[in-house]
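Below: one structure, written as structure tokens.
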Amino acid sequence: MFKLTSLNLNGIRSATTKGVEAWIAATAPDCICVQEIKAQAPDMAGRFEVLAEMQGHFHFAEKKGYSGVGVYSRHEPSDVVIGFGSHEFDAEGRYVETRFDTPSRKLSIISSYFPSGSSGELRQAAKFRFLAEMHQHLMQMKGEREFILCGDINIAHQQIDLKNWRGNQKNSGFTPEERAWMTNLLHKTETTGGLMDVYRLLQPDTTDACYTWWSNRGQAYANNVGWRLDYHLATPATAALARTEHIYKDVKFSDHAPITVGYDFTL
């Protein structure tokens, strides 16, 4: 069984002070994809390149204290790809791909952090540009290799994916355009789709149990007024190997909960 976790850290230094390294050691994933490291290479040196005896591979943002993603793995990848070829967004540290290729298989584990548009119209417009570029990239990859993309997608796809869907239809993360992007990505028959939302494959109907992010305002976490923003998106053959899922709401290293999926294969 291949155990794969995704977690938005909201700062690796902050998360480690809250015990995330001990938790990783205890839950023992094969790989953990992390987002919002909020650190640069010098900050990581000698401290965060390895967590719980897992080697990390990273894409850092040029801007200090911003974004950044990583994949920690117990297995040495055959290759590591930093960025997805975007002139605009690769500077923001949003994509790292670890490849575990063999003579009989091409497989990638990707950690990605999609932009938020909640700060205003300019960032929402940037988010739409990112989604367009990322869609093209994923469609190209789909024709070349199996992959699982883990990350904070910053989109709640359906009404069951957030508590207050009625009041959020004009807000970033639940706009009709963002939801349509996700619907297109997951379309089973169109050539512009074909990926699988692995959690929904295993849990098609959950509501309150599915949330992975809670606002720091008010009592959102205490009252479970949340959103499902963290995903495993996979090519169909790999998604079909998913057997178990767990969202760890009882631990709090950031404003996101870790989500782990067990897949019926080994690296």
Handout entry: Pair W213, D255: side-chain N/O donor-acceptor within cut-off below 3.5 Å
Key =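 Side chains of W213 and D255: pair found under 3.5 Å.
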Minimal non-hydrogen separation, [X] against [Y], with atom names:
| X | Y | answer |
| --- | --- | --- |
| G83 | D90 | CA-OD1, 3.4 Å |
| I247 | C210 | CD1-O, 3.3 Å |
| T266 | R105 | O-NH1, 3.3 Å |
| L162 | A156 | CD2-CB, 4.2 Å |
| A39 | M44 | CB-SD, 4.0 Å |

Please enumerate all residues that pass side-chain contact (heavy atoms from CB on, under 4.5 Å) together with [X], with sequence neighbours excluded.
| X | answer |
| --- | --- |
| E121 | none |
| D250 | Y248 |
| D205 | none |
| M141 | Y95, E97, S108, I110, H137, R145, F147 |

Would the distance check show the side chain of [X] and the main-chain N or O of [Y] forming a donor-acceptor pair, the cut-off being under 3.5 Å?
| X | Y | result |
| --- | --- | --- |
| T235 | A237 | no |
| W23 | V251 | no |
| E49 | G46 | yes |
| S215 | A220 | no |

Same cluster for [X] and [Y] if Ile/Leu/Val/Met/Phe/Trp/Tyr side chains link at under 4.5 Å?
| X | Y | result |
| --- | --- | --- |
| M54 | I37 | yes |
| I109 | V96 | no |
| Y221 | F253 | no |
| L229 | W165 | yes |
| F114 | M139 | yes |

Suppose the criterion is salt bridge (charged side-chain N to carboxylate O under 4.0 Å, His left out): which pairs have a residue in [range], not counting sequence neighbours?
| range | answer |
| --- | --- |
| residues 214-241 | D161-R228, D197-R228 |
| residues 172-193 | K127-E178 |
| residues 19-34 | E21-R47 |

Considering only distance and modelled atom types, tabulate donor-acceptor pairs under 3.5 Å from the side chains of residues 258-265, sequence neighbours left out.
| from | atom 1 | to | atom 2 | distance (Å) |
| --- | --- | --- | --- | --- |
| T260 | OG1 | T5 | OG1 | 2.6 |
| Y263 | OH | H232 | ND1 | 2.9 |

Pairing residues for [X] by the salt bridge (charged side-chain N to carboxylate O under 4.0 Å, His left out) criterion, not counting sequence neighbours:
| X | result |
| --- | --- |
| E88 | R129 |
| R13 | D43 |
| D79 | none |

Practice task
Not counting sequence neighbours, list each pair that qualifies as a side chain to side chain donor-acceptor pair (under 3.5 Å) and has a residue in residues 56-72.
Solution key: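 Found Y66-R94.
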So how far is it from [X] [atom1] to [Y] [atom2], rounded to the nearest 0.5 Å?
| X | Y | atom1 | atom2 | answer |
| --- | --- | --- | --- | --- |
| H75 | F100 | NE2 | CZ | 7.0 Å |
| Y211 | T206 | OH | OG1 | 9.0 Å |
| F89 | F84 | CZ | CZ | 7.0 Å |
| L9 | F48 | CG | CZ | 10.0 Å |
| Q55 | S73 | CD | OG | 9.5 Å |
| E133 | F128 | CD | CZ | 14.5 Å |

Got [X] and [Y] here, is their nearest side-chain heavy-atom distance under 4.5 Å?
| X | Y | result |
| --- | --- | --- |
| N154 | P115 | no |
| S111 | Q35 | yes |
| S86 | F130 | no |
| Y231 | H157 | yes |
| S112 | M134 | yes |
| I153 | L233 | yes |
| R200 | L186 | no |
| P29 | I24 | yes |

So does [X] have more than 12 non-hydrogen atoms from other groups sitting under 6.0 Å from [atom1]?
| X | atom1 | value |
| --- | --- | --- |
| Q169 | CD | yes |
| Q159 | CD | yes |
| K3 | NZ | yes |
| Q219 | CD | no |

Problem - Stepwise side-chain hydrogen bond (donor to acceptor under 3.5 Å, both in side chains) check, N184 with T192 - result: CA-CA 7 Å; N184 184 31; T192 54; 2.9 Å; yes
Exercise for the section: With side chain to side chain contact (heavy atoms under 4.5 Å, CB included) as the test, would you mind laying out the steps for N10 and H256 before giving the verdict? Expected result: CA-CA 8 Å; N10 197 15; H256 290 254; 5.6 Å; no
Exercise for the section: Go through the steps for F2 and C31 under the test side chain to side chain contact (heavy atoms under 4.5 Å, CB included), then give the verdict. Expected result: CA-CA 8 Å; F2 176 71; C31 291; 3.9 Å; yes
Practice task
Check the pair I32, T27 against side chain to side chain contact (heavy atoms under 4.5 Å, CB included), reporting the backbone distance first and the verdict last.
Solution key: CA-CA 11 Å; I32 177 167; T27 56; over 6 Å; no
Handout entry: Option passing side-chain hydrogen bond (donor to acceptor under 3.5 Å, both in side chains) with K163 (candidates D208, T207, N168, N224)
Key =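 The single option meeting the side-chain hydrogen bond (donor to acceptor under 3.5 Å, both in side chains) with K163 is D208.
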Exercise for the section: Take V34 and I12 through the test side chain to side chain contact (heavy atoms under 4.5 Å, CB included) and record every step on the way to the result. Expected result: CA-CA 9 Å; V34 295; I12 193 166; 5.7 Å; no
